[in-house]
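Worth saying up front: this structure is predicted, and the values here are computed from it rather than measured. Computation of the quantities below employed the complete heavy-atom set of this structure, encompassing side-chain atoms and omitting hydrogens, waters and symmetry-equivalent molecules.
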Amino acid sequence: MLSAGRLARRRATACAVVALATAMVVAPQLAPASATAPPDEPLDEAPHMILAPVDPLLQDGDGLDLELTIDNPSADATEATTVEVLLTTQPIGTRYSLSRWFDGEAFMASSAIATVEVPAVDALDRETVRTSIDAEALGLDGRAWGPYGLAASGAAFGSATSVVVRDEPGEASPTTVALSAPIDSRVGASGLLTADQLEAATEPGGQARTALDAALGADATIGIDPAFGASEAALGDEAPEAATDWLDRADTPASHPLLYANADPIAQVRAGAYPLEPLGIPREDDDPLPATAGSVGTRSPVIDATRAIVRQGELESLAGAGTVVLSTAALDEQLGGSTPSAHVRVDGVDVLAADAQLQELVRAAAEADEESAADARAQVVALLATITRERPSDPRTLAAVLAPPSSGDSAPLLADLAEAQFVETAGLDTALEATPREATLVETDDPQRNDGAALVADALEQESEASRVASIVDEPAALLAELRLAVLAALPDAGREVTEADRVAIENLGGTMSEVRNAVQLVGGSDIHAVGESVGLPITITNELDVPANVVLTVRPTNALVSVPEPRIDVTIAPTSQQRVQVPVDVVGTGTLLMVVQLHTPDGVPLGQIQQLHITAQPTIEVAVAWTLGIAIVLLLGFGILRSIQKRRRGQARGDIDDLAREHRDQEETA
């Protein structure tokens with residue numbers, strides 16, 4: 001089925017309304033946009049109409065409130081005109097016919113029910129006109145129940161189609177729609193929500209509050225972003241009451257925790273990193289909380305794969321972690337003439353398969369602009385009415401995944417489903433109770449397959465580099481916990497394709513990690529003139545962290561003009577400050593040399609860049625004389641020893657031993 005954007009573009013086509021001599025009017029055939037637009041003009045630049053009922057469900061005696069929107073993204077204003085609104089005389093009977101109607105390709109007998117005066121619309125502007133059609137003019141009372149097509153056409157901007165449903169199903173068995181409702185937090189780069197952000201999301205009218213109320217009312221299976229509970233736990237007594245109450249209501253047997261920050265489990269599986277979870281929940285001026293602090297829900301996770309192309313091995317891994325929801329577009333199967341239930345066994349792996357057309361419309365009903373969303377909601381109820389009419393006495397259970405609050409508001413759609421007499425909503429476990437049908441996966445090329453996994457790997461590599469220096473702080477666990485939350489917040493979200501915003505988030509994460517790695521640095525200095533016997537070598541270290549940093553300073557001369565009694569010095573630098581360290585060196589000779597200086601973590605990991613200090617060494621006169629005398633004595637002693645050795649080798653040596661030997665020989669001769 002087409003997305004909301006493609007539907008809007010389809011409705012930029014031109015058409016002509018042909019009135020029959022009888023009371024029936026044939027809806028116009030919609031010509032391709034290329035037939036009326038210049039070849040090089042982008043389709044989206046043409047003015048087009050959006051037609052949507054305010055309430056798509058009608059019963060006997062109900063009139064119809066209809067909104068007709070002219071969207072003019074072109075550079076020229078449109079003229080004021082008159083638009084005729086048509087209604088099909090019979091309900092649309094099949095899914096095929098309904099899809100063709102949405103696409104503007106169907107020929108169906110129709111009657112004119114209203115004429116709408118549309119004002120001129122300025123360039124790059126949009127105008128919406130609401131008209132009310134009473135029950136008598138509408139003419140639906142007493143007709144067969146089901147979806148009826150709406151159409152409107154205008155000479156300047158083509159045509160538009162929508163649908164209303166006569167909601168009188170009689171004895172027809174309702175269609176059950178098992179729903180998954182993920183509620184994400186829209187957490188920022190820090191990985192935690194502030195008190196104000198938490199309150200705004202969970203108070204009446206907040207996105208998270210609205211989504212939870214609607215999901216509970218629909219008995220949906222609810223996924224809760226752990227960032228809500230983690231933020232509430234980290235705030236402690238400062239947490240808003242609205243957030244605490246919201247979490248209590250969200251913690252139901254049908255709820256489950258999403259991955260933190262609603263991170264994509266499929267990308268993590270492909271990167272070999274599933275599940276990537278917090279290392280702890282950091283708190284200001286206190287030890288981190290456990291990683292599970294604030295987690296809500298105990299049900300096994302729901303994994304939204306409705307927009308993914310997965311392989312069998314991945315499917316097995318994901319199914320081992322929770323309930324996988326695929327799209328029927330991903331399945332290779334032979335179906336009969338009616339829509340099946342959602343429970344499927346794919347080569348031995350039990351999953352739920354969301355009807356592809358229904359799933360796209362459900363997302364469009366939340367993600368699109370207000371006018372297009374209203375049209376998408378009408379299409380959802382029309383599709384469900386058509387599915388119900390396929391086998392009125394045979395109930396079935398479909399499945400769908402709602403858009404998270406960050407992508408739009410699904411509450412109006414759930415309100416429509418609650419009103420419809422031919423629909424019941426439930427949690428995913430209801431769909432799993434049905435007998436599964438057999439299917440296999442479609443083999444499809446996926447050029448973007450590794451995009452998400454590459455971002456996960458990149459983020460983890462950056463985290464690993466930053467984690468190597470964590471020992472510079474007194475509480476490494478707190479720093480590591482902060483780094484992990486930053487990683488989770490930057491990862492691609494579940495249920496959608498990788499976007500440029502995801503890539504930018506990972507790039508920004510690299511900047512954050514680099515700041516951690518380079519937060520403690522040597523400050524380059526000027527040339528040093530070392531004069532004296534023992535001098536202090538000044539070295540400046542800066543710490544940009546908001547906590548003290550513990551480092552090891554190493555100093556090594558490149559020659560023997562100076563010696564360093566303590567080549568390794570432990571240093572603690574105060575938060576956000578610079579500190580000058582005096583390293584004692586002994587000057588033993590005159591000349592120039594380089595002193596190699598570097599910082600390390602306490603466990604030996606190098607920090608930052610090596611610095612080379614240019615030093616001119618000049619000892620005092622006393623030191624020079626002492627060294628000169630010492631060297632002279634050593635040379636004289638060495639020279640004397642050398643001469644003695646040489647004489648002995650020539651037999652010319654004289655000494656006490658030689659005299660004693662001669663006296664002994666004389667005594668023997670006298671005797």
Applying side-chain contact (heavy atoms from CB on, under 4.5 Å) to Q312 and V349, what does each step give before you reach the verdict?
CA-CA 9 Å; Q312 187 65 29; V349 180; 3.5 Å; yes

Partner set under salt bridge (Lys or Arg N to Asp or Glu O under 4.0 Å) for E333, not counting sequence neighbours:
R437

Residue pairs fulfilling ring-ring contact (aromatic ring centres under 6.0 Å, His included) with at least one residue in residues 175-202, sequence neighbours excluded
none

Does a sphere of radius 6.0 Å around CD in E500 hold more than 12 heavy atoms from other residues, nucleotides or ligands, not counting ones at 6.0 Å or beyond?
yes

Who are the salt bridge (Lys or Arg N to Asp or Glu O under 4.0 Å) partners of R143, not counting sequence neighbours?
none

Could I get the full list of side-chain hydrogen bond (donor to acceptor under 3.5 Å, both in side chains) partners for T69, not counting sequence neighbours?
T128

With side-chain contact (heavy atoms from CB on, under 4.5 Å) as the test, would you mind laying out the steps for V177 and E424 before giving the verdict?
CA-CA 6 Å; V177 182; E424 292 181 351; over 6 Å; no

At what distance, to the nearest 0.5 angstrom, does CD of Q357 lie from OG of S99?
3.5 Å

Any side-chain heavy atom of P275 within less than 4.5 Å of one from L259?
yes

Begin with the C-alpha distance, continue with both residues' side-chain angles, and end with the deciding distance and a verdict on side chain to side chain donor-acceptor pair (under 3.5 Å) for T292 and S295.
CA-CA 5 Å; T292 56; S295 182; over 6 Å; no

Show your working on side chain to side chain donor-acceptor pair (under 3.5 Å) between T328 and D355 and close with a plain yes or no.
CA-CA 5 Å; T328 54; D355 182 271; 4.8 Å; no

What verdict does the salt bridge (Lys or Arg N to Asp or Glu O under 4.0 Å) test give for R270 and E314, after you've listed the backbone C-alpha separation in whole Å, the side-chain angles of each residue and the deciding distance to 0.1 Å?
CA-CA 8 Å; R270 289 174 176 170; E314 296 168 348; 3.1 Å; yes

Look at the side chain of D184 and the backbone N and O of S406, then say whether any donor-acceptor pair between them is shorter than 3.5 Å.
yes

Value rounded to 0.5 Å, distance of CG in L485 from CG in L279:
8.0 Å

Determine yes or no for a side-chain-to-main-chain donor-acceptor pair under 3.5 angstrom, with D225 supplying the side chain and S185 the backbone.
yes

Can you sort out the partners of F422 under ring-ring contact (aromatic ring centres under 6.0 Å, His included), two or more places apart, ordered by chain and number?
W145

Answer whether the closest heavy-atom distance between the side chains of Q379 and L98 falls below 4.5 Å.
no

Close side-chain approach of T323 and S300, heavy atoms under 4.5 Å:
yes

Could you walk me through whether L58 and L138 pass side-chain contact (heavy atoms from CB on, under 4.5 Å), step by step?
CA-CA 10 Å; L58 301 174; L138 192 61; 3.5 Å; yes

So, the side chain of Y274 versus the backbone of A321: is there a donor-acceptor pair under 3.5 Å, distance only?
no

Quick check for you: to the nearest 0.5 Å, what is the distance between D196 atom CG and E199 atom CD?
7.0 Å

Counting N and O atoms only, with roles assigned by atom type, does the side chain of T202 sit under 3.5 Å from a partner on the main chain of L198, one being a donor and the other an acceptor?
yes

To the nearest 0.5 Å, what is the distance between CG on D251 and CH2 on W246?
10.5 Å

So, does T210 use its side chain to make a donor-acceptor pair with the main chain of G206 at under 3.5 Å?
yes

Greater than 12 external heavy atoms within 6.0 Å of E419's CD:
yes

Criterion side chain to side chain donor-acceptor pair (under 3.5 Å) on R95 and T386, from CA distance to verdict
CA-CA 6 Å; R95 293 189 60 170; T386 303; over 6 Å; no

Answer yes or no: is there an ion pair linking R209 with D213, defined by an N-O contact shorter than 4.0 Å?
yes

Can you give me the closest heavy-atom contact between V324 and A319, atom names plus distance?
CG2-N, 3.6 Å

Kindly say whether S341 contributes a backbone atom to a donor-acceptor pair with the side chain of T397 at under 3.5 angstrom?
no

Would a distance-only check, ignoring hydrogens and angles, find a side-chain to backbone donor-acceptor pair under 3.5 Å from E67 to A52?
no

Search all heavy atoms of P278 against all heavy atoms of A291 and return the closest pair with its distance.
O-CB, 3.2 Å

Donor-acceptor list for residues 227-242 side chains, cut-off 3.5 Å, not counting sequence neighbours:
residue	atom	partner	partner atom	Å
S231	OG	L193	N	2.8
S231	OG	A227	O	2.7
E232	OE2	T244	OG1	2.9

Does the side chain of L289 reach to within under 4.5 Å of the side chain of R283, using non-hydrogen atoms?
yes

Could you verify whether a donor N or O on one side chain and an acceptor N or O on the other, from S132 and D65, lie under 3.5 Å apart?
yes

Applying side-chain contact (heavy atoms from CB on, under 4.5 Å) to V163 and T88, what does each step give before you reach the verdict?
CA-CA 9 Å; V163 69; T88 61; over 6 Å; no

How far apart are the C-alpha atoms of Q197 and R186, what are their side-chain angles, what is the distance that settles it, and do they pass the side chain to side chain donor-acceptor pair (under 3.5 Å) test?
CA-CA 10 Å; Q197 291 171 331; R186 307 188 73 175; over 6 Å; no

How long is the straight-line distance from CZ of R307 back to OG of S327, given to the nearest 0.5 Å?
10.5 Å

Between T425 (side chain) and A218 (backbone), is there a donor-acceptor pair under 3.5 Å?
yes

Please determine, by modelled atom types, if T175 and T388 share a side-chain donor-acceptor pair under 3.5 angstrom.
yes

Lys/Arg N to Asp/Glu carboxylate O, D446 vs R311, below 4.0 Å:
no

Report yes if the side chains of P226 and E277 come closer than 4.5 Å at any heavy-atom pair, otherwise no.
no

Within-4.5 Å side-chain heavy-atom neighbours: E371 and R126:
yes

Shortest non-hydrogen contact between I506 and A459, atoms and distance
CD1-CB, 4.0 Å

Worked check of salt bridge (Lys or Arg N to Asp or Glu O under 4.0 Å) between E390 and R396
CA-CA 11 Å; E390 288 175 342; R396 85 286 315 272; 3.6 Å; yes

How about I387 and L398: do any of their side-chain heavy atoms sit closer than 4.5 Å?
yes

Can you confirm whether T161 sits close enough to L51 that some side-chain heavy atom of one is under 4.5 Å from a side-chain heavy atom of the other?
no

I'd like to know if the side chain of H343 and the backbone of A434 have a donor-acceptor N/O pair within less than 3.5 Å.
yes

Does a donor on one side chain and an acceptor on the other come within less than 3.5 Å for S162 and D375?
yes

Would you compute the distance between atom CG of L455 and atom CG of N450 and round it to the nearest 0.5 angstrom?
11.0 Å

Option passing salt bridge (charged side-chain N to carboxylate O under 4.0 Å, His left out) with R496 (candidates D264, D304, D502):
D502

Looking only at heavy atoms, which two atoms of A254 and R299 are closest? And how far apart?
O-CD, 4.0 Å

